[in-house]
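Down below is the structure, laid out as structure tokens.
Keep in mind the model is a prediction, meaning the values are calculated, not measured. Within every chain, numbering begins at 1; the chains are lettered A, B, ... in the order of the sequence lines, protein sequences first and strands thereafter.
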Amino acid sequence: MNLPAMKRQMPHGDQVIDETDRRIIIATQAGLPVTKRPYHDLALQLGLEANEVMARMQKMIQDGVIRRIGVVPNHYALGYTANAMSVWDVPDEKITELGERVGQLDFVSHCYQRPRHLPSWPFNLFAMVHGKSTAAVEEKIREIENVLGEDNRGNALLYSKRILKKTGLRLT
Amino acid sequence: MNEINKRLLNEFQRDFPLSAAPYADIATKLGITEHEVIDRLKELNQSGAISRIGAVFKPKRIGASTLAAMAVPVDQLEAIADLVSSYEAVNHNYEREHRLNLWFVATAPDSESLDSVLNDIEQNTGLTVVRLPMVEDYHIDLGFNLKFEDPLS
């Protein structure tokens, strides 16, 4: 497939990816081939050289577009069936320091600052916690409580009841 | 689960080789053959233990996205959840135990099209979509440490 040689500038973030990077992302988002020469197979499919595919992926890692390349385990299938979104109300002036400490905990898979929606939603720090049981998750929540100490002005724990839809990143 | 499979799941969540024969490189590290690595990964893929082998993208670097939440009356939950899931822009949709009981992530090529999806959902449901975009990411993502033996993990 021949795409026009235009460079589509991607919004958000300081780096941009071009059309070829975009095609590599689309071709790999369902996963790399599990074959002897996966990047060669990918290159063949895209009409590129394998070296170019690898170099571009390396550059996307350096630029922070790709966070990591690797095996993505299915936590749920591996017994991590309890997942809870823990949300915390912490002082704005300390959120960076506290967020970084919570984000380092090895059972936290995502840790973000998000805006409050007052009055009903006072929480500004989100940490996704995974465990093999609700007891395990609650144990982890106590660890986060310990990290936050008096800066924890309120929190809530939202267990997932049902996964209604889950797909990977889709670029079209 | 045997030791080699545990190591395949835990030790290669990042720094997957960007080399001509990555599975051969992994084989060398594990002291098994390339053929065995490929067979085991295919098996773990088929059994569902692995979602995929590939790139994990940094949020907010590609397009625009937000976490969003809605307080849906229980008797309408099924229908509204289906409606929300039917949008191509919605890639995660969870029912959670809270007054805000429907939580989803919407992604679009730019913030204007993201807004129009969320406005459309509001119009079609008559409910407010609370928008909770990421302000800052504090997680240093090194993968997730799977603890195979510890029941309290």
Side-chain angles (χ1 to χ4, degrees), chain A residues 10-13 28-32 34 36-40 50 54 57-58 64-75 77-78 85 99-100 102-104 106-115 117 121 130-132 136 139 156 158-167 169-171, chain B residues 8-9 12-16 18-23 34 38 41-42 45 48-58 60-64 67 81 85 88 90-98 100 103 107 110-111 130 132-141 143-146 151-153:
Chain A
M10 297 299 295
H12 280 271
T28 56
Q29 63 191 356
L32 286 171
V34 188
K36 280 178 176 283
R37 305 286 179 271
Y39 301 109
H40 289 74
M54 288 187 264
M57 290 181 81
Q58 186 63 54
V65 175
I66 294 176
R67 188 174 235 180
R68 60 189 157 95
I69 300 174
V71 171
V72 181
N74 177 348
H75 299 141
L78 291 166
M85 187 172 76
E100 282 170 1
V102 173
Q104 276 174 14
D106 74 351
F107 51 84
V108 169
S109 67
H110 301 78
C111 186
Y112 299 133
Q113 180 187 356
R114 298 188 187 277
H117 275 257
W121 189 259
H130 298 266
K132 291 177 180 167
E139 179 74 35
L158 285 75
Y159 282 101
S160 68
K161 218 166 149 185
R162 263 193 307 167
I163 301 173
L164 302 159
K165 182 175 185 183
K166 192 169 195 243
T167 53
L169 174 82
R170 292 245 182 281
L171 281 187
Chain B
L8 278 170
L9 286 167
F12 299 94
Q13 292 181 32
R14 60 191 171 112
D15 300 331
F16 184 86
L18 269 165
S19 63
Y23 301 109
E34 178 187 33
I38 289 177
L41 288 174
K42 281 185 173 162
N45 235 325
I50 290 179
S51 303
R52 66 193 156 86
I53 297 160
V56 174
F57 295 91
K58 220 164 186 168
K60 228 178 178 176
R61 290 298 173 123
I62 294 166
L67 177 69
S85 293
E88 211 180 316
V90 171
N91 46 28
H92 286 68
N93 190 12
Y94 282 73
E95 181 187 353
R96 294 193 179 276
E97 294 170 349
H98 192 268
L100 291 168
W103 288 79
T107 304
D110 52 60
S111 49
V130 178
L132 300 164
M134 179 184 95
V135 176
E136 212 177 324
D137 184 357
Y138 301 117
H139 182 54
I140 301 152
D141 186 3
F144 185 82
N145 184 11
L146 296 162
L152 262 192
S153 68

A:Y39 versus chain B, the contacting section by heavy-atom distance below 4.5 Å: side chain
What are the two closest non-hydrogen atoms of [X] and [Y], and how far apart are they?
X      : Y      : answer
A:V34  : B:K42  : O-CE, 3.4 Å
A:P73  : B:L9   : CG-O, 4.0 Å
B:R96  : A:S160 : NH1-N, 3.4 Å
A:L164 : B:A81  : CD1-CB, 3.7 Å
A:C111 : B:D137 : O-OD1, 3.4 Å

Can you tell which part of [X] gets under 4.5 Å to a heavy atom of chain A, answering side chain, backbone, both or neither?
X      : value
B:N45  : side chain
B:Y23  : side chain
B:L100 : both
B:E136 : both

Would you check if [X] and [Y] make a side-chain contact, meaning some heavy-atom pair closer than 4.5 Å?
X      : Y      : answer
A:V72  : B:V56  : yes
A:Q113 : B:M134 : no
A:L158 : B:Y94  : no

Contact leader toward chain B among A:H75, A:H40, A:E100, A:M57, where contacts are heavy-atom pairs under 4.5 Å: A:H75
Leading residue by heavy atom contact count with chain B [cutoff under 4.5 Å; candidates A:A50, A:A30, A:P38]: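 Option with the greatest count: A:P38.
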CA sep, side-chain torsions, deciding dist, call: B:L67, A:Y112, side chain to side chain contact (heavy atoms under 4.5 Å, CB included): CA-CA 11 Å; B:L67 177 69; A:Y112 299 133; over 6 Å; no
CG on A:L32 to CG on B:L41, rounded to 0.5 Å: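 Here the rounded value is 11.0 Å.
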Under 3.5 Å: donor-acceptor pair, side chain of [X], backbone of [Y]:
X      : Y      : value
A:N74  : B:G48  : yes
B:H139 : A:S109 : yes
B:R14  : A:R68  : no

Aromatic plane relationship, B:W103 with A:W121 - under 30° parallel, 30 to 60° tilted, over 60° perpendicular: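 Taking B:W103 first and then A:W121, their aromatic rings sit tilted (interplane angle of 30° to 60°).
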Heavy-atom pair count under 4.5 Å with chain A, highest-scoring of B:A55, B:G54, B:P22: B:G54
